[in-house]
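Below: one structure, written as structure tokens.
One-based numbering, in listed order, for ligands and for the atoms of each.
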Amino acid sequence: MVIKTENGRVVSPFSCGIDTRNGKMDDYDTHVQRYLGKLASMFSDPEAAETYLKKNGDVLIYEVYEKDIPEADGEIRFCSSITCPGKIGGEYFMTKGHFHSRPDTAELYYCTSGWGFMLMEKESGEYAIEEMYPGRAVYVPGYYAHRSINTGDQPLISIPVYPGDAGHDYSSIEKSGFRHIVIEKNGKPQVVENPRYGKMSG
Ligand code: PAN
Ligand code: ZN
């Protein structure tokens, strides 16, 4: 199904299926797959990531199926976000995470499968972490960087919905990281300070 646009807007109603168990979207326009090979530096222990890569080869960390809805004020964008289970040096697999380019825009994630957390942090240092599990909706207010983290042993699947003109700003997370990370300790997920905060790159 092609979304028809006129003056950069969606003009034809449409619907699509998203399989709540595996996250596959029917008739998607974009499928993004992010592998460890390109994400090693976002983990708090990049050496553990390199060791993992040498031992196991490259591995999928997360993927996103999207409809190409215009990034315009008034539109609503949505996708299916699937984070694989796994750990690098005790830190759970997660998405890169980002602020919105229009920082005041909020987002709603509806989780359909798996188990994990949404980590949310403001530039000023305030942070929050909310559980994600089937049937749970997480509201991410504006000005919060956000990242989903899979602490379970199955894919963590959610449907994020956000304003069309929100945009994605990855730059400060790539540079500084999040202040907090989620690691496994004594068999349980624990939120701790990120020892590499402020120096993720270089
Ligand atoms: C989501 C995310 C998706 C992938 O659609 O883009 O979960 O995560 P990264 O964008 O951090 O790679 C969203 O938050 N959109 O605004
Ligand atoms: Zn977002």
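- Under 4.0 Å is where a charged nitrogen must lie from a carboxylate oxygen, and between Arg147 and Glu121 no such pair does.
- Taking the six-membered ring where tryptophan is involved, the planes of His180 and Tyr127 are essentially parallel, since the angle between them stays under 30° and well short of 60°.
- Near Tyr170, meaning under 4.0 Å from one of its heavy atoms, ligand 1 places the atoms 9 (P), 10 (O), 11 (O), 12 (O).
- Distances between N or O atoms of Ser148 and those of ligand 1 include no value under 3.5 Å.
- Atom 14 (O) of ligand 1 has as its closest protein heavy atom Tyr109 OH, 2.6 Å.
- Checked for salt-bridge contact, Arg34 and Glu63 miss the test: no charged N lies under 4.0 Å from a carboxylate O.
- Scanning the protein heavy atoms around atom 7 (O) of ligand 1, the nearest turns out to be Ser81 OG, 2.8 Å.
- With ligand atoms numbered from 1 in the order given, ligand 1 contributes 1 (C), 5 (O) to contacts under 4.0 Å with heavy atoms of Pro160.
- Trp115 and Tyr133 have parallel rings, their planes meeting at less than 30° on a 0 to 90° scale where 60° marks the start of perpendicular.
- Residues Phe14 and Lys67 have side chains in contact (heavy-atom distance under 4.5 Å, counting atoms from C-beta outward).
- Closest protein heavy atom to atom 8 (O) of ligand 1: Thr95 CB, 3.6 Å.
- Atom OG in Ser80 sits 11.5 Å away from atom OH in Tyr28 (nearest 0.5 Å).
- Here the protein heavy atom with the shortest distance to atom 13 (C) of ligand 1 is Glu107 OE2, 2.8 Å.
- Residue-ligand proximity, Cys79 to ligand 1, at heavy-atom distances under 4.0 Å covers atoms 5 (O).
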Should His168 and Tyr162 be marked as a ring pair (Phe, Tyr, Trp, His ring centres under 6.0 Å) after you check the CA-CA gap, both sets of side-chain angles, and the distance that decides it? CA-CA 11 Å; His168 294 80; Tyr162 53 99; 5.7 Å; yes

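- Inside a sphere of radius 2.8 Å centred on the Zn ion (ligand 2), the protein N/O/S atoms present are His98 NE2, His100 NE2, Glu107 OE1, His146 NE2.
- At least one donor-acceptor pair under 3.5 Å links the side chain of Arg196 to the backbone N or O of Phe43.
- Each of the atoms 5 (O), 15 (N), 16 (O) of ligand 1 lies under 4.0 Å from some heavy atom of Tyr162.
- For Arg147, no heavy-atom contact with ligand 1 is shorter than 4.0 Å.
- Taking 4.0 Å as the cut-off between side-chain N and carboxylate O, Lys24 and Asp19 do not count as a salt-bridged pair.
- In this structure, the side chains of Ile183 and Tyr92 stay at 4.5 Å or more apart for every pair of heavy atoms.
- Distances below 4.0 Å separate heavy atoms of Tyr62 from the following atoms of ligand 1: 4 (C), 8 (O), 9 (P), 12 (O).
- Note on Glu193 versus Arg179: no salt bridge recorded, every NZ/NE/NH1/NH2 to OD/OE distance being 4.0 Å or above.
- For the pair Gly97 and ligand 1, the shortest N or O to N or O distance falls below 3.5 Å.
- If you number the atoms of ligand 1 from 1 as listed, the ones under 4.0 Å from a heavy atom of His146 come out as 14 (O).
- Taking any N or O of His98, backbone or side chain, at least one lies under 3.5 Å from an N or O belonging to ligand 1.
- By the 30° and 60° cut-offs, the orientation of the rings of Phe93 relative to Tyr52 is perpendicular.
- Residue His168 touches ligand 1 through its side chain alone, judged by heavy-atom distances below 4.0 Å.
- Taking 4.5 Å as the limit, every side-chain heavy atom of Met200 sits out of range of all side-chain heavy atoms of Ser176.
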